[in-house]
There are 2 protein chains.
Amino acid sequence: MTVKHALLALLDKDESYGYQLHGLMESALGDPWSINIGQVYSTLSRLERDGFVEKLPEAELAHDDRTVYSITRRGKSELRRWFREPLSRDDRLRDDVYAKLALSRISRSVSPGEVIQAQRRQLLKELHQLTQLRSSADGPNELPYILLLESAIMHLEADLKWLDLCEQKLEELDATPSPYFESRPRGRPPKDDGSASGA
Amino acid sequence: MTVKHALLALLDKDESYGYQLHGLMESALGDPWSINIGQVYSTLSRLERDGFVEKLPEAELAHDDRTVYSITRRGKSELRRWFREPLSRDDRLRDDVYAKLALSRISRSVSPGEVIQAQRRQLLKELHQLTQLRSSADGPNELPYILLLESAIMHLEADLKWLDLCEQKLEELDATPSPYFESRPRGRPPKDDGSASGA
DNA sequence: AAAAAATACATACTTGGTATATACTAGTGT
DNA sequence: ACACTAGTATATACCAAGTATGTATTTTTT
């Protein structure tokens with residue numbers, strides 16, 4: 001979703017063509033947002049299909065080897081809509097690490113403790129790297145980049161605190177015998193052969 | 001990626017079929033991870049293609065209308081690999097809200113302040129909802145779900161703190177006249193017509 | 001002049017995800 | 001008894017996002 005609107009925003013500032021948009025996007029949003037050049041072209045053609053951008057007539061072009069796009073009225077209104085609409089963070093409830101941890105309790109091919117430890121090592125490594133970057137990024141023009149780093153750092157710290165919480169809670173669990181993470185199908189039971197355990 | 005390994009983990013516990021796996025996945029990982037049933041089948045066929053799972057021979061089936069899969073040796077080893085390998089969080093550097101904020105400074109069709117405010121309202125709303133859920137989820141069997149909620153809450157709080165930081169930094173910026181978020185292409189300059197400003 | 005790098009676009013492919021079509025079974029109401 | 005609804009079960013078509021690759025031209029470097 002965001003790539004689409006990033007291109008719209010860039011085109012809202014000035015008409016442009018695929019290759020240039022690719023560079024603009026990287027310089028506007030930084031390395032982590034630099035996308036595959038091919039994606040620029042496919043996204044542009046989808047935007048054109050939906051009437052958000054249009055090709056400049058060739059007559060106005062200085063170079064026949066470039067396909068220059070400009071934003072349309074529909075595109076501008078879509079962009080405004082996107083800007084005003086806040087982004088939902090409910091995808092935070094679909095966390096990969098959580099899933100892995102939960103699955104590790106089911107599958108027994110690895111212990112949750114191991115998963116937590118390995119994950120913590122990784123997070124500490126990444127936190128270290130980001131902190132390095134953060135302290136070396138001090139130029140006055142780097143404010144946006146610094147804000148991005150701060151964001152990532154804050155979330156990494158939250159991840160680490162959460163791992164501690166998990167470890168603690170799981171220890172409490174292991175002390176008691178009750179079976180958590182019990183997993184059984186919701187619907188009709190497996191019906192192996194017509195035998196025992198009928199409701 | 002995770003859906004693939006979730007199915008592997010479930011099959012590692014016990015052989016199963018698509019429809020059942022769908023239910024198992026929901027009861028093991030909770031609502032936010034409940035996926036479209038169609039995705040189970042396409043993921044299973046990809047897993048089969050890659051040799052991670054295989055269909056049970058029909059002879060062993062009690063019901064000819066079910067396609068039961070079991071995990072293979074390759075599948076088990078892939079699963080172990082995934083469990084031991086920590087997940088990278090470097091995608092935290094590709095934050096949608098950050099991108100939106102940066103783009104809002106470029107496009108001028110909306111002010112960064114507005115974006116921050118709208119986003120904060122949204123986050124507060126979501127935080128409220130999660131806090132409600134958190135306090136009503138107190139059954140002993142809900143520990144995993146509680147951990148998930150805690151995680152989401154912690155990250156929402158980080159988001160909110162980050163928005164405050166942004167607001168503050170942007171105010172400092174607006175007080176000074178220097179042009180941040182300057183965006184120019186990296187490569188060859190636009191070459192409009194063969195005229196001024198040649199290198 | 002030749003080699004390397006940058007510019008520019010397009011297409012094929014993979015993956016993740018949604019929507020939809022189909023068919024069968026079991027229970028429920030009238 | 002009949003229709004309706006809900007549940008079980010699979011498969012396919014479709015779309016969007018993203019990667020890899022192919023190709024051609026131009027500019028810069030050696």
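Each chain gets a letter, A, B and so on, in the order its sequence line appears, and its residues count up from 1. Predicted, not measured: the structure shown is a model, and the values here were computed from it.
Across the protein-nucleic acid pair, B:D91 atom CG and C:dG16 atom C1' stand 16 Å apart, rounded to whole Å. The distance between atom CD1 of B:I35 and atom C1' of C:dT18, rounded to the nearest whole Å, is 12 Å. Note: CE (B:M1) to P (D:dG18) measures 15 Å, nearest angstrom. If you measure from atom NZ of B:K4 to atom P of C:dT14, you get 14 Å, rounded to the nearest angstrom. Following rounding to the nearest Å, B:E26 (CD) and D:dG7 (P) show an atom-to-atom distance of 13 Å. In this structure, B:Q20 atom CD and D:dA9 atom P are separated by 8 Å, rounded to whole Å. If you measure from atom CG of A:L44 to atom C1' of D:dA16, you get 15 Å, rounded to the nearest angstrom. When the C1' atom of C:dA6 is taken as reference, atom NE2 of A:H22 falls 13 Å away, rounded to whole Å.
For the pair A:Y17 and C:dA8, the criterion of a side-chain N or O lying under 4.0 Å from OP1 or OP2 is met. Dashed line: the shortest gap from a side-chain N or O of B:Q39 to OP1 or OP2 of C:dG17 is under 4.0 Å. Contact annotation: B:Y41 does not reach the phosphate of D:dA11 (side-chain N/O to OP1 or OP2, under 4.0 Å). The side chain of A:R66 places no N or O atom within less than 4.0 Å of a non-bridging phosphate oxygen (OP1 or OP2) of D:dT26.
Two residues are said to be in side-chain contact when any heavy atoms from C-beta on lie closer than 4.5 Å; A:L11 and A:L44 meet this criterion. With contacts defined as side-chain heavy-atom distances shorter than 4.5 Å, the pair B:E26/B:W33 does not qualify.
If B:G38 and B:R49 are placed on DNA chain C by their nearest nucleotide, the residue sitting closer to the 5' end is B:R49. Heavy-atom distances to DNA chain C give each of B:I37 and B:R46 a nearest nucleotide, and the one nearer the 5′ end belongs to B:R46. For A:S42 and B:Y69, each mapped to the nucleotide of DNA chain D holding its nearest heavy atom, the one lying further toward the 5' end belongs to B:Y69.
Using a cutoff of 4.0 Å between basic side-chain nitrogens and carboxylate oxygens, A:R81 and A:E85 are scored as salt-bridged. The pair B:E126-A:R92 fails the salt-bridge criterion, with no side-chain N (NZ, NE, NH1 or NH2) lying under 4.0 Å from an Asp/Glu carboxylate O. Ionic pairing of A:R74 and A:D50 is not present here: no N-O contact between side-chain nitrogen and carboxylate oxygen is shorter than 4.0 angstrom.
Nucleic acid contact for A:V3: sugar-phosphate only, since backbone atoms but no base atoms lie under 4.0 Å from a heavy atom of the residue.
For A:N36 against D:dA20, a side-chain N or O and a base N or O form a donor-acceptor pair under 3.5 Å.
Residue B:Y19 has its side chain nearest to D:dT8 when only C:dG17, C:dA6, D:dT8 are considered.
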